[in-house]
Structure formats: structure tokens, C-alpha cells
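These notes are about the structure you will find just below.
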Protein chains: 2
Amino acid sequence: MTRHGESARTPVPTLKEIADVAGVHASTVSRALRPTRPGREPSAEVRRIRALADEMGYRPNFIAAGLRTQRTRTIGVVIPRLADGVIASLCQAIEATATAAGYQILIATPPDEVEPQLRSIDLLQDRQVDGLLITSLHLGHPEMLARMRASGVPTLAVNRTGNDSITAVTADDRTGGRLATEHLLELGHRRIGIIAGPRHASTAWRRTLGYRDALTRAGIPVDDQLIVHTDFEVEGGIAGANLLLDLPEPPTAIFAVNDTAAVGALGVARDRGLRIPDDLSLVGYNDIPLVGQLPVPLTTVRSPAAEVGVSAVEQLLLGMSGGEMSARTLPVELIVRGSTTGR
Amino acid sequence: MTRHGESARTPVPTLKEIADVAGVHASTVSRALRPTRPGREPSAEVRRIRALADEMGYRPNFIAAGLRTQRTRTIGVVIPRLADGVIASLCQAIEATATAAGYQILIATPPDEVEPQLRSIDLLQDRQVDGLLITSLHLGHPEMLARMRASGVPTLAVNRTGNDSITAVTADDRTGGRLATEHLLELGHRRIGIIAGPRHASTAWRRTLGYRDALTRAGIPVDDQLIVHTDFEVEGGIAGANLLLDLPEPPTAIFAVNDTAAVGALGVARDRGLRIPDDLSLVGYNDIPLVGQLPVPLTTVRSPAAEVGVSAVEQLLLGMSGGEMSARTLPVELIVRGSTTGR
DNA sequence: TTGTATGCGTTATCAG
DNA sequence: CTGATAACGCATACAA
């Protein structure tokens with residue numbers, strides 16, 4: 001009877017078992033199995049051992065190797081809201097880049113609150129990850145930094161910024177927010193509402209900062225009534241749009257800081273009999289694949305989620321090999337489609 | 001200088017270091033730190049040791065413990081197409097359930113091809129995962145089964161079925177496909193096209209099977225021209241809809257086996273000047289949050305992605321504790337909205 | 001190049 | 001209940 005209670009399993013052989021069959025010492029097998037230095041031919045003995053290991057179905061035990069070398073070839077990823085398509089794209093890019101570099105990723109996708117996220121960091125560190133990627137919404141939280149520092153594991157913020165003391169790879173959200181708003185201003189809109197996402201999410205507030213930038217540059221005073229905070233989901237878009245459109249002096253255009261919320265706003269417009277873009281202009285953010293195919297395709301800002309993931313892993317790999325990680329801010333692009341028009 | 005080249009890090013203390021300070025043996029610390037049996041008070045000595053460990057910032061090393069116990073408290077998840085929102089929801093549910101049970105998840109999201117997926121399975125097994133969840137599209141592939149058997153690790157198919165020899169937790173895709181098609185039949189449609197997804201994806205072909213079921217029951221011969229295979233993305237929906245609508249005798253209704261493809265079809269309808277639902281009825285699949293908010297909200301089938309994830313982890317936990325895993329097929333629900341009408 | 005010995009941090013077994 | 005010891009599987013410093 002085996003540990004898990006199954007019956008017949010072919011046990012994976014260990015180095016020692018290979019060695020016994022080969023008539024050499026385990027350490028010899030260990031050495032024979034490690035990659036030959038480039039340019040050098042493996043000796044006949046090495047080839048023999050490798051063939052035997054292969055035949056016996058040898059597979060290295062990463063746990064044992066990790067204990068010995070103090071390197072697990074594992075990257076921890078703390079990534080709340082994984083169910084969101086944009087976040088998932090980011091995650092897939094992280095995984096692909098890590099895998100290509102010989103790393104695996106250990107994922108935690110805790111709720112959007114500080115405590116669970118701290119627990120996630122601890123758990124990943126307990127598993128001796130070689131590096132840590134964090135897309136938390138609460139990076140500014142002091143305890144967060146303390147935890148990240150504690151273990152000395154190279155840690156990088158992805159898609160978010162917190163404190164300056166942690167290196168971050170993000171998209172240029174502030175510019176994105178400004179581009180979206182400037183586009184509406186150029187079309188002649190003067191009352192522009194913004195569905196601004198959660199207060200504690202740096203992506204959201206940086207896009208909102210860009211919105212403020214644009215208005216300020218245009219000499220238009222910022223009306224705080226026009227800034228509504230909600231969540232990133234469809235429901236948030238619905239709630240936000242209703243708040244804005246119920247104002248005594250409602251906006252003629254709405255900028256939602258993500259596409260999902262923009263679609264929620266779309267539903268509200270539909271229910272109120274407002275035509276897009278004639279009665280209301282709408283701008284989203286992220287350019288998720290769906291929004292280009294809507295009956296009225298959505299004007300939006302394309303944010304390079306996959307590139308952010310790739311770049312983050314690259315920086316982290318650098319950090320893990322003793323180098324200095326540097327912050328990256330990747331460019332975004334305004335995609336003008338049919339949901340915005342002049343007035 | 002530490003391994004990774006940083007300077008000042010507070011090294012995490014080991015059991016031995018705690019023991020030295022406490023003036024006891026490491027094994028005593030180990031025992032003191034494991035949970036007291038419920039109902040029993042921890043002794044004064046145990047409390048003293050725990051307080052000291054806490055004060056010194058002790059964190060258990062899972063790698064070392066795993067080597068010793070042969071249990072890593074890790075579940076491997078092979079989950080292609082993670083960038084898809086539905087898959088990501090499934091993944092998040094898996095993670096949450098696993099975390100709640102004290103497990104972490106190691107993720108691989110390989111491309112939709114056999115070879116990379118086999119590699120993913122091997123890599124996860126090399127890391128001594130205690131159990132394996134696989135949402136591969138290629139579960140039928142013989143090599144796939146061989147690999148899954150090889151290590152004796154409890155393995156479960158999620159969201160897919162392959163061969164009967166592997167236990168699976170899925171949604172009832174066949175019924176879903178039938179419900180969608182029956183709805184269109186009841187509305188009077190007789191030429192119903194289906195954007196049927198990839199041939200090798202069991203979810204897709206089971207939904208297609210349900211489509212065939214419905215037609216057969218209604219005594220309507222299946223016209224193979226009306227079944228077009230594409231991918232799961234927006235682009236697939238566009239290509240599929242174009243193929244169908246270019247037929248000499250085009251369908252009056254289209255059933256897309258996922259919402260994303262349905263939105264692609266929506267774009268095609270828009271470009272061709274076809275009104276939904278008057279000129280063309282459209283049914284999707286999954287009920288992603290967006291589609292309820294479209295100008296014409298989409299009729300679709302709600303598939304319980306999160307529940308599938310939860311149930312899969314529950315079954316796997318059962319299997320890992322020596323029990324017998326059993327197959328689950330979770331119910332789906334037709335959601336009728338505005339994109340379908342009679343003719 | 002090969003074998004020997006040691007240790008990574010933990011837990012299980014055994015004797016006291 | 002505690003301490004000592006061994007072992008998990010591997011990698012490496014050192015000696016041969």
C-alpha cells in the first residue's frame with residue numbers, strides 16, 4: 001500500500017537507484033545528469049548513465065534539489081481578481097515567460113483586502129520562492145512593505161505602484177487617462193464624468209490622475225461630483241453610470257477606467273434610452289477583444305497587459321540573479337472607435 | 001553576501017536556532033509548534049516555545065518539510081487558455097478552494113497542443129505535487145493518460161472529459177447545447193447554424209452533441225454545412241459567422257458555443273447590417289457578465305465555472321486522502337434575453 | 001574523472 | 001514528555 005492508498009504505481013527511481021544499477025556512486029549519476037558544458041562532448045560513461053536514467057524513467061526531485069541548493073526555481077505570484085480577463089492575460093504572460101526561463105509559478109489570488117494578501121505573501125515565502133511578483137491593490141500599506149522586505153526575496157510590483165521604495169513594472173495609466181480625456185475634450189465635451197474604480201487601486205487612481213491632468217491643461221475646473229468611485233466589475237459600471245446620469249447637470253461623456261465597467265454603463269444607457277454616441281459618448285480602458293465587436297464599438301485605451309507580464313518577469317529574473325531591477329512604464333495607445341462623437 | 005547578492009536581510013531562523021535559544025532540542029520545538037490536539041491545553045513549556053518562535057519570526061520551511069513527509073501540500077493545475085475570463089474564473093475558484101484546505105497551487109498554462117501539455121504535466125510531477133488537475137483539450141490523447149498514470153499522483157480532469165478512464169468534473173455541456181438549440185427550435189427556427197469551437201475540445205463538441213440531440217429529437221436532419229469549427233476567440237466567432245451567413249441558404253439563428261465567439265458574430269451582424277434578433281437570432285454560452293449589458297442582451301447558457309472548480313478540488317482532496325474520486329456533471333441553465341426571437 | 005562525506009530543514013522513530 | 005538519531009533526495013567540497 002502506498003502513501004496515497006493506490007495500489008500499483010511504478011515508483012520514480014532516485015539517483016541512488018540509478019547508481020546501483022549502473023554500478024557507480026550516486027554523486028556520479030548526479031554529475032552525469034547535469035548538462036555538459038557547451039562545446040564539450042559527453043563521455044561514453046556519461047552517455048551510458050544518461051541512457052540508463054532515461055530507460056529507468058528517472059525524474060529529478062525538485063523538492064530535494066531545492067532544499068540542497070536553496071533555490072526552488074519557483075516564482076510566487078500574488079494576483080487578486082484573477083477572474084478578470086485582463087488580469088488573467090497578465091498572468092498567462094507571466095507564466096509563459098517564467099516557464100521559458102525554467103521557472104514555475106506558484107499562484108495566490110486572494111481577495112482585495114490587506115490581510116488575505118499579507119497571508120498570501122507569507123505562504124509563498126514559506127515555500128521558498130526565488131522571487132515574488134505582486135499585483136496587489138494595497139501596495140501602499142506599510143505592513144505590506146515590511147513583509148516583502150522580511151525574507152530578502154527579490155520582489156517586484158506588477159501593474160501597480162505603491163510606495164517608491166518598491167520597483168514596479170506598469171503600463172502608463174496616467175497617460176492613458178489623459179489621452180482618453182483629451183479625446184473627449186477635443187470632441188467638444190466639457191462635462192465629462194469618470195467611473196473611477198476603487199480608491200485603493202493604483203491603476204485606477206492613476207488613470208483618474210490623467211483625467212485631472214487633461215482637464216487642468218484645458219483650463220476646465222475639476223468637478224468632484226463627476227468622479228464616482230466603484231469597483232472594476234460590470235455592476236460597478238452600472239452603479240457609476242446611474243450616479244452620473246442622475247446628477248442635476250449630467251455629463252455628456254463618460255470615461256470608465258476599464259472596459260468591463262464601460263459595458264455596465266452601456267447597459268444603463270440602453271435602459272435609459274440614451275443612444276451611444278449621439279446622446280452620450282463613452283470611453284473604456286484596456287481594449288479587451290470583445291469591445292471592438294459591439295454594435296457600437298467602444299473607444300478605449302489599449303494597455304499592454306501581456307507586455308507588462310513579460311517585462312516584469314524579465315526584471316525579476318534580473319533581480320534574482322543579483323542584478324538591479326529597474327522600474328518600467330510601458331506605453332499605452334488610444335483606440336478611437338464609434339462610441340465617441342462631438343457635440 | 002547572501003546567495004542572491006543582496007546585503008542586509010534578516011535570515012529566517014530555523015528550528016535548530018529556535019531550539020538553541022530556548023535551550024531545548026530541535027525536535028522538541030518541532031513538536032511544540034504543531035497544533036495541539038483539540039480539547040487539550042498547550043503546556044506552559046509549549047506556550048513558551050511558541051512565543052519564542054513567534055518573537056524570532058520563525059516560519060516553517062515547506063520545502064524541507066515536504067522532503068521529509070513526501071507531501072508538499074501543493075496541487076498542480078494544467079490550465080491552457082488562462083487568459084479567457086471563464087477559464088480564469090475556474091482557476092480562481094480552484095485556488096480559493098485549495099487555499100482554504102491548506103494547499104497552494106502550482107500553475108502551468110501551456111499552449112493548446114499536446115507536447116507542451118505533456119511537458120507541463122511532467123514539470124508539475126517533478127515538483128512532487130500531491131494532486132493534479134487537468135483542463136487539457138487533449139485528454140483523449142493516449143500519451144496523456146500514460147503520463148498521468150506514471151507517477152501515481154491522484155489526477156482529475158476538470159471542465160473536460162477525455163477517456164472514461166479518467167475521472168472528470170465538468171458542467172453538463174451536452175444538455176446546455178441541447179437547451180440552447182431547443183430554445184431556437186421552439187421559436188420556430190429550422191435552419192440553425194452552430195459556431196462549434198475547436199474539434200479537439202470536449203466542452204465544444206459536447207455542446208455540439210447537444211445541438212445534434214435537439215435537432216434529432218425534433219426530427220430535423222442535421223446539415224453539416226451549418227456546423228463550423230473555429231477557435232474560442234472573438235476572431236473565431238467572426239470567421240464562423242461569415243462562413244454561415246455566406247451559405248447559399250444561410251441560417252436564421254446562430255448558436256455560438258461560447259459568448260466570446262457570439263460577440264464576434266455580433267460584430268459580423270453589425271457589419272452586414274443585420275439586426276439582432278429580427279434578422280438573426282443569436283445564442284451564446286457561459287453567461288459572462290458582459291453579455292447581459294449589451295444593447296441587445298445575449299441569450300446564453302449559464303455554466304457554473306466556479307462550482308466546477310470547487311467541486312474538482314473537493315474530489316481531488318478526497319482522492320489525495322486515499323478516497324475514491326467520483327465524476328461530477330454540474331447542471332447548466334438557459335438564460336433567455338433579447339437576442340433571440342421567433343420568425 | 002570518481003567516490004566519500006556532509007548538510008540543506010524538517011519530521012518520525014525510538015529510547016530514556 | 002524529551003532528546004538523540006536517522007532519513008527524505010540531492011548537490012557539492014574534498015580527497016583519491
Side-chain angles (χ1 to χ4, degrees), chain A residues 2-4 11-37 40-50 52-53 56-74 102 125-130 151, chain B residues 2-4 11-37 40-50 52-53 56-74 102 125-130 151:
Chain A
T2 63
R3 175 167 304 274
H4 294 309
V12 177
T14 68
L15 276 186
K16 173 135 183 29
E17 293 172 300
I18 309 285
D20 288 347
V21 176
V24 296
H25 194 269
S27 62
T28 307
V29 180
S30 174
R31 281 184 293 251
L33 258 34
R34 62 181 28 200
T36 319
R37 298 216 303 275
R40 289 183 59 90
E41 280 283 289
S43 72
E45 179 67 352
V46 166
R47 288 204 308 276
R48 181 180 77 90
I49 293 174
R50 286 186 182 174
L52 180 63
M56 292 177 68
Y58 175 73
R59 305 251 67 199
N61 183 324
F62 271 65
I63 298 295
L67 180 60
R68 174 63 233 245
T69 61
Q70 307 285 52
R71 299 186 63 211
T72 55
R73 302 213 138 255
T74 304
Q125 290 182 342
D126 290 350
R127 285 170 189 260
Q128 314 298 117
V129 295
D130 295 336
S151 67
Chain B
T2 64
R3 176 163 304 274
H4 295 309
V12 177
T14 66
L15 275 186
K16 174 138 185 22
E17 293 172 297
I18 309 285
D20 288 347
V21 175
V24 296
H25 195 269
S27 59
T28 305
V29 179
S30 174
R31 279 185 295 251
L33 258 33
R34 64 181 30 202
T36 320
R37 297 215 305 275
R40 287 182 60 87
E41 281 282 292
S43 73
E45 178 67 352
V46 165
R47 288 205 308 275
R48 182 180 76 91
I49 293 174
R50 286 184 184 175
L52 180 63
M56 293 177 67
Y58 175 74
R59 304 254 66 200
N61 183 325
F62 271 64
I63 298 295
L67 180 61
R68 177 63 234 241
T69 60
Q70 308 285 46
R71 299 187 63 212
T72 55
R73 302 216 136 253
T74 305
Q125 290 183 340
D126 290 350
R127 288 173 186 255
Q128 315 299 115
V129 295
D130 296 335
S151 67

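All values below were derived from every heavy atom in this structure, side-chain atoms included, with hydrogens, water molecules and symmetry-related copies excluded. Residue numbering restarts at 1 for every chain, and letters A, B, ... go by the order of the sequence lines.
The side chain of B:Arg34 lies closest to C:dT11, out of D:dA13, C:dT11, C:dC8. Considering only the side chain of B:Ala64, C:dT10 comes nearest among C:dG3, D:dG3, C:dT10. Taking only side-chain atoms of A:Ser30, from C-beta outward, the nucleotide of D:dC8, D:dA11, D:dG3 with the closest atom is D:dA11. Of the candidate nucleotides C:dA12, D:dG9, D:dA4, C:dA12 has the atom nearest to the side chain of B:Thr69. When distances run from any side-chain atom of A:Arg68 to the nucleotides D:dG9, D:dA11, C:dT10, the shortest one goes to D:dA11.
Across all strands, A:Ser27 comes closer than 4.0 Å to base atoms (heavy-atom distances). Contacts of A:Phe62 with the nucleic acid, taken as non-hydrogen atoms under 4.0 Å apart, are absent. Looking at heavy-atom distances under 4.0 Å, A:Leu15 makes contact with sugar-phosphate atoms alone, never a base.
Side-chain contact check for B:Arg47 and B:Thr36: no donor-acceptor pair (N or O, by modelled atom type) lies under 3.5 Å. A donor and an acceptor atom, one from each side chain of A:Thr74 and B:Arg127, are located under 3.5 Å apart.
For A:Glu45 against A:Val24, the heavy-atom pair with the smallest separation is OE2-CG1, 3.6 Å.
Distances shown here put a side-chain N or O of B:Arg40 below 4.0 Å from the OP1 or OP2 atom of D:dC1. Within the 4.0 Å cut-off from OP1 or OP2 of D:dC8, not a single side-chain nitrogen or oxygen of B:Gln128 is found.
One cannot find a donor-acceptor pair under 3.5 Å joining the base of C:dG9 and the side-chain atoms of B:Arg59.
Side-chain atoms of A:Arg59 do not come within 3.5 Å of backbone N or O of A:Thr14 as any donor-acceptor pair.
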